[in-house]
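The model shown is predicted, which means the values in this text are computed figures rather than measured ones. All values below come from the heavy atoms of this structure, side chains included, with hydrogens, waters and symmetry mates left out. Chain A is the first sequence line, chain B the second, and so forth, proteins listed ahead of strands; every chain is numbered from 1.
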Amino acid sequence: MEIASKYNPSASEDKWYKYWMDQKLFHSEPDEREPYTILMPPPNVTGVLHMGHMLNNTIQDILIRRARMMGKNACWVPGTDHASIATEAKVVNRLKERGIDKKDLTREEFLEHAYEWTDEYGGIILKQLQKMGASADWDRKYFTMDEDRSEGVIKSFVELYEKGLIYRGVRMVNWDPAALTALSDEEVIYKEQQGKLYYLRYKIEGSEEYVTIATTRPETILGDTAVCVHPDDERFTHLKGKKVIVPLVNRVIPIIQDEYVDMEFGTGCLKITPAHDVNDYEIGMKHNLKVIDIFNDNGTLSEAAELFVGEDRFEVRKSIIPTLEEAGNIVKIEDYNNKVGYSERTHVAIEPKLSAQWYLKMDEISKPALENVMNDTVQFHPAKFKNVFRHWMENVKDWCVSRQLYWGHQIPVYYLEDNTFVVAETKEKALEMAKEKSGNANLTIADLRQDDDVLDTWASSWLLPFTGFEKPEDLAYYYPTSDLVTGHDIIFFWVARMIIAGYEFKGELPFKNVYFTGMVRDKQRRKMSKSLGNSPDPLDLIDKYGADSVRIGMLFCSPAGGDLLFDESQPEQGRNFANKIWNAFRLVKGWEIDDTIEQPESAKQAIAWFDAKLDQTIETLDDHFSKYRISDALMTVYTVFWQEFSSWYLEAIKPAYQKPLDAATYKATCEFFDKMLRILHPFMPFLTEELWQALEERKEGESIMTVDMPTVSGADASLLDKFEMLKEAVGGVRNVRKGKNIPMKDALALNILSGDGFSDYFNPILTKLANLSELNMVNEKVEGAISFMVRTSEYFVPMDGLIDVEEEIKKLEKELAHQQGFLKGVMKKLGNERFVGSAPEAVVAKEKQKQADAEAKIKTLTESIANLKK
RNA sequence: GGGCGAUUAGCUCAGUUGGUUUAGAGCACUUGGUUUACACCCAAGGGGUCGGGGGUUCGACUCCCUCAUCGCCCA
C-alpha cells in the first residue's frame with residue numbers, strides 16, 4: 001500500500017464530518033446510560049467565528065468526545081443568541097447605509113428588517129463550528145428568540161413578577177445615547193481618558209464673593225441644583241445657609257453640606273447635578289434637591305438646559321468655555337485623567353440618566369447561588385474565580401432588565417388607560433386580568449398597550465440550561481448539565497445568573513463544573529482586534545494547517561483561566577504532530593509481515609514495557625481530565641506518542657532494513673496504535689478517524705467516535721523504571737559514539753559492572769538500540785575503556801586503549817565533584833539532629849538512601865579515576 | 001480608591017496539603033546527523049541564586065509579612 005508521506009487534512013475532514021453526520025453520531029436521545037451534557041455558550045446569531053470561539057469550542061468538543069467514548073450519553077446542545085443590543089446596532093447601521101432611519105420605522109417594520117438580516121447571516125457561525133469538528137447535536141439547535149425559548153423567558157418574567165421580585169423603578173441608569181437604551185452596569189466599560197479639570201467660580205448671592213468648584217463636565221452646570229461642601233471644612237463655614245448663582249443661567253441654588261465631599265479634591269467645593277451623576281443623584285435625594293435633566297435621549301441638550309438647546313453634549317463642552325470665560329467664571333483649567341464609561345456595544349460615552357426601568361431584585365435569589373459555589377457544589381476551574389464571584393455576589397445590585405430596543409423579548413406588561421398595568425404571559429390572559437382589575441368587562445385587547453421595552457439579552461440566556469431542552473422528558477434526563485465552558489469575562493453577565501436561575505426556577509444547580517477559558521491574545525499580549533489586524537481567521541488557519549492542528553495548537557499552552565498567547569507557530573507545531581502520527585502509521589503499515597518467523601526477545605520486552613507505559617499514561621490522563629487540566633492532558637498524549645511510542649517503542653521493534661516483521665509483534669503494535677488513536681481522538685478527531693478506519697477493515701457505520709476509551713489494564717509497573725535505566729544506558733553509548741565519532745552502523749562491545757537494582761531484563765533491547773556486537777556482565781573494572789554510570793552500575797565501552805586518558809579523568813572528576821556536592825547537601829540534613837528527630841521517618845529513610853547511592857557512586861568514580869591515573 | 005490574582009529557563013507555562021536525588025515541560029536556541037516512516041525528522045547540549053527584602057521551620061518555589069512590577073475585576 002502506497003501512502004503519501006504527508007498528511008493531507010482537507011481531503012479527510014469534510015469526508016469524515018459528513019460520515020459522522022450521516023451516521024447521526026452526534027445525536028443524543030435519553031436512554032439508560034448516564035448523561036453527559038454541555039450547553040454551548042450561544043454565539044451571537046450574526047457573528048462570525050473568531051479565535052475565542054475556536055478555543056472555547058475545542059475544549060467543549062474534547063470533553064464531549066471523551067465522555068462519549070467513556071460510555072456516557074453525551075449531548076452537546078448548540079444554539080445562537082439574538083444578542084439584542086449588538087444585533088440591533090448592526091441592523092441600524094445597515095439600514096443607515098441604505099438610507100433608512102430607525103426612527104422612521106414602526107416596531108414591526110424594524111423587526112422585519114432584523115429577521116431578514118438574521119436569516120441572511122444567522123447560523124453562519126454554526127457552519128464554521130462544524131469545520132473545526134464540533135460534535136454538537138445539531139438536531140437540538142436553538143435560537144434564543146425562537147418560540148420555545150421566548151415562551152420560557154416570558155413565563156419566567158411573569159413568575160418573578162408574581163413572586164414580587166420584579167419592580168418598576170425610576171433610577172439612575174447607564175444611558176447609551178447612540179442605541180437610545182439603558183444598559184446594565186456590566187455593559188459599561190470604563191476607560192482612562194485624558195481630559196481637563198475646569199475650575200469655575202459661582203457668585204454668592206447678595207455678595208461680591210465667589211466660590212470655586214472643579215468639574216470635568218462644565219456643560220452640566222446648566223443642570224446644577226446645589227453646591228456642596230464638607231461640614232467640617234472650615235474654609236466654607238461662613239457660607240452655611242447662603243446661596244450661589246449658577247453662571248450663564250443665573251439660577252439661584254443653595255449651598256449644602258455633606259460628608260460625601262472629598263476636601264482634598266479640587267477646591268473642596270462640589271457642584272451637584274442630580275440628573276447627570278450617580279453620586280450627585282444620591283446627594284440630591286438626601287437633600288431633597290430639584291432634578292433638572294438637561295439632556296435629550298440622544299445626548300443633545302434639552303429645553304431644560306435653556307442654553308445650547310439641540311447641540312451635542314461634547315460640542316457644548318467646547319463651546320461653553322469661551323462663553324464662561326467671557327462671563328468671567330473661569331478660574332483655571334488643568335489637565336486631568338479620569339475614567340469615562342463607554343457602551344460595550346456602541347462604544348459611545350454613556351450618560352448617567354434618570355429613567356423608569358424594570359428591575360429584578362437580586363439579594364435574596366442570589367443567595368443559594370453564592371452558597372453553592374462557595375461550598376463547591378458548583379465547581380469553578382480554576383477555583384480562583386470563586387473569589388471574584390463571591391465579591392460580585394456579596395455586592396450584587398438589582399438587575400435592570402429592560403432595554404429600549406425592538407430586537408428582543410417584549411416585556412409582558414400591559415397598561416390600561418389609567419396607566420395601571422397587568423403582567424401576563426399572553427395578551428388574552430392580560431385582557432382577562434385587566435377586565436378584573438378595572439371592573440370593566442367591555443375592555444378589548446386594543447385597549448391594552450404592551451410595554452415598549454424588551455428584555456436584556458441575558459434575561460433569556462440565563463435560562464438556557466433548562467430552556468435549552470424542549471421536551472419535559474429530555475429536561476428530566478439532561479438537567480442539570482455537566483460542564484460549562486466559557487470565558488471568564490462573562491462570569492457575571494451569564495455564569496452567575498445561570499446559577500441563580502437554576503436554583504430559583506429548578507431548585508437545583510444548572511451545571512456541576514464551570515471551566516473558564518482565558519482570552520486569546522497575540523504574542524505581545526494585545527487583544528485580538530480587527531483594527532490591529534492581529535486576529536487570524538480560524539478558517540484560514542484550518543485551511544492552511546488542518547482543523548486538528550489548529551485545535552491542538554490552541555491548546556498547547558492554554559491553562560484554564562489564563563490568557564492564550566496565540567502565534568502561528570502553534571498550529572504549525574500541531575501540523576508537525578499530525579504528520580508525525582501519520583508517518584508512524586505509514587511505517588507500521590509499510591512493514592511486510594511474516595507469520596513464520598519467531599518473535600525476537602527485544603520485541604517481546606518492548607511490548608511488555610509499552611503496555612505498562614500506556615497503562616501509566618491512561619492513569620495520568622484520567623487524573624488530568626478529572627482536574628480539567630486539558631493542556632496537560634494533551635501534552636501527555638503528545639509526549640507518549642512522540643517520545644515513548646515513536647522514538648522508543650517503534651525503534652525497539654523495528655525490523656532490520658527490508659526484513660519482515662513477525663506477526664505477533666505486528667498484532668500487538670496495531671493494538672497499541674488503536675489505543676493511541678483512541679486517546680488522541682478527542683483532541684484530533686479527523687486524523688484519528690482517518691487512521692482508525694485505515695488500521696483495519698471497518699464495517700459501515702463504525703467510527704472511532706463510538707468505541708470505548710482504553711482503560712487501565714493492570715500492566716507490570718516495575719518495568720517502567722527498568723526501562724528508564726535502559727534509556728540512560730542507550731544514551732550513554734550514544735554519547736560515547738558522539739565523543740569518539742563512531743557511526744551508528746559500527747557495532748560496539750559493552751561491559752556492565754552491575755550495581756544495586758541493576759536488571760538485565762532489557763539487555764536485548766539495549767543490544768539492538770545501541771548496536772552492540774557483544775554485551776557482557778563483568779566483575780571488575782575494564783581497562784582502556786570509556787566508562788559511564790547509570791545509577792550505581794558502571795558501563796564500559798572497550799576502546800583498545802584508544803582513549804584520551806586526560807579527557808576521561810576530567811569527565812569523571814566533574815561527575816565526582818557533582819556527586820560530592822550532592823552528598824554534602826544530604827549529609828548536612830542528616831547531620832542535623834533536629835531533622836532526624838522531627839522529620840517523618842520516610843523522609844529520613846529517603847535521605848539515607850540518597851546518601852548510600854551517592855557514596856557508592858563516589859567510591860566507583862574515585863576508583864576509576866585512580867585506575868586511569870596509574 | 002476597593003478587591004482578586006500573578007511574578008520560576010529567551011518565550012509560554014507545570015511544580016498537587018512544605019521534604020521524589022542541587023526545580024521540570026513544550027517551543028525557541030546551539031552542535032552533530034539524511035540510502036533504510038517522518039528535516040513538518042533524529043540525537044546530544046547550553047540556559048534559572050524560583051521578582052527584591054524579611055520572617056516561621058530541622059527544612060521554603062511552596063506558608064506569613066513587606067516592597068516593587070504587571071494584569072484583571074469593581075467603583
Side-chain angles (χ1 to χ4, degrees), chain A residues 3-7 185-186 188-190 262 278-279 339 341 382 384-392 394-395 397 488-489 491-492 518-519 521 523 525 545 549 553 556-559 561-567 569-570 572-591 623-624 627 629 631-632 634-636 638-639 642-643 646-647 650-651 654-659 730-731 734-735 737-739 741 743-745 791 818-819 821-826 828-840 842-844 846-847 849-851 853-854 857:
Chain A
I3 311 174
S5 74
K6 284 186 171 58
Y7 169 54
D185 290 342
E186 288 72 28
V188 178
I189 301 161
Y190 289 88
D262 178 359
V278 180
N279 298 310
K339 292 210 170 163
K384 67 176 178 185
F385 287 106
K386 279 167 74 177
N387 282 329
V388 183
F389 177 82
R390 186 182 61 199
H391 190 251
W392 189 74
E394 283 175 350
N395 298 287
K397 294 197 194 118
H488 62 75
D489 50 332
I491 185 167
F492 308 130
M519 250 200 223
R521 297 169 177 276
K523 267 223 137 158
R525 273 189 194 281
Y545 298 102
S549 305
F556 278 128
C557 232
S558 176
D563 287 349
L564 167 69
L565 274 52
F566 183 82
D567 182 84
S569 68
Q570 288 156 0
E572 201 176 300
Q573 192 189 344
R575 178 202 59 190
N576 294 353
F577 184 47
N579 203 49
K580 183 75 189 176
I581 300 169
W582 180 262
N583 273 290
F585 183 81
R586 201 158 72 99
L587 173 70
V588 172
K589 277 288 162 180
W591 281 326
D623 184 51
H624 284 322
K627 292 170 181 150
R629 299 174 146 188
S631 288
D632 290 349
L634 170 63
M635 200 43 75
T636 302
Y638 180 85
T639 308
W642 203 314
Q643 301 306 320
S646 299
S647 296
L650 289 179
E651 290 304 324
K654 201 186 232 178
Y657 182 48
Q658 290 192 332
K659 290 274 167 32
V730 172
R734 280 176 183 157
N735 275 334
R737 288 184 183 279
K738 193 168 184 185
N741 249 325
M744 188 58 195
K745 61 184 176 195
R791 314 279 169 96
H818 177 259
Q819 288 299 331
F822 175 68
L823 180 63
K824 209 172 139 195
V826 174
K828 200 177 148 197
K829 268 191 186 174
L830 286 170
N832 185 332
E833 277 171 34
R834 297 221 272 166
F835 168 71
V836 181
S838 42
V843 176
V844 178
K846 219 172 278 171
E847 289 302 312
Q849 184 60 49
K850 286 187 203 170
Q851 179 196 356
D853 286 357
K857 277 193 187 180

As its Watson-Crick or G-U partner within any shown strand, both distances under 3.5 Å, U69(B) has A6(B)
If you look at every strand shown and take non-hydrogen atoms under 4.0 Å, does Phe822(A) touch a base, only sugar-phosphate, or nothing?
base
What does Asn579(A) touch in the nucleic acid at a heavy-atom separation under 4.0 angstrom: a base, only the sugar-phosphate, or nothing?
base
For nucleotides 8-19 of chain B, give me every protein contact, N/O to N/O, under 3.5 Å, one pair per line with atom names.
| from | atom 1 | to | atom 2 | distance (Å) |
| --- | --- | --- | --- | --- |
| G15(B) | OP1 | Arg629(A) | NH2 | 2.6 |

Mind checking if Glu651(A) touches a base, just sugar-phosphate, or nothing, with heavy atoms under 4.0 Å?
base
When you compare C29(B) with C11(B), how far apart are their P atoms, in angstrom units rounded to a whole number?
15 Å
Does the structure show a Watson-Crick or G-U wobble partner for G19(B), both distances under 3.5 Å? Name it, or say none.
C58(B)
Under 4.0 angstrom, heavy atoms only, what part of the nucleic acid is His818(A) near: base, sugar-phosphate, or nothing?
base
If you look at every strand shown and take non-hydrogen atoms under 4.0 Å, does Trp642(A) touch a base, only sugar-phosphate, or nothing?
sugar-phosphate
Would you say a side-chain N or O of Lys654(A) is under 4.0 Å from OP1 or OP2 of U36(B)?
no
Please enumerate all protein N or O atoms sitting under 3.5 Å from an N or O of nucleotides 73-75 of chain B, with distances to 0.1 Å.
| from | atom 1 | to | atom 2 | distance (Å) |
| --- | --- | --- | --- | --- |
| A75(B) | N6 | Lys339(A) | NZ | 3.4 |

Need the pair for A44(B). Rule: Watson-Crick or G-U wobble, both distances under 3.5 Å, any strand; none if unpaired.
U30(B)
Over all strands shown, is Ser646(A) touching base, sugar-phosphate only, or nothing at heavy-atom distances under 4.0 angstrom?
base
With heavy atoms under 4.0 Å as the rule, sort Arg734(A) into base, sugar-phosphate or nothing.
sugar-phosphate
Looking only at atom P, what distance separates U16(B) and U7(B), rounded to whole Å?
12 Å
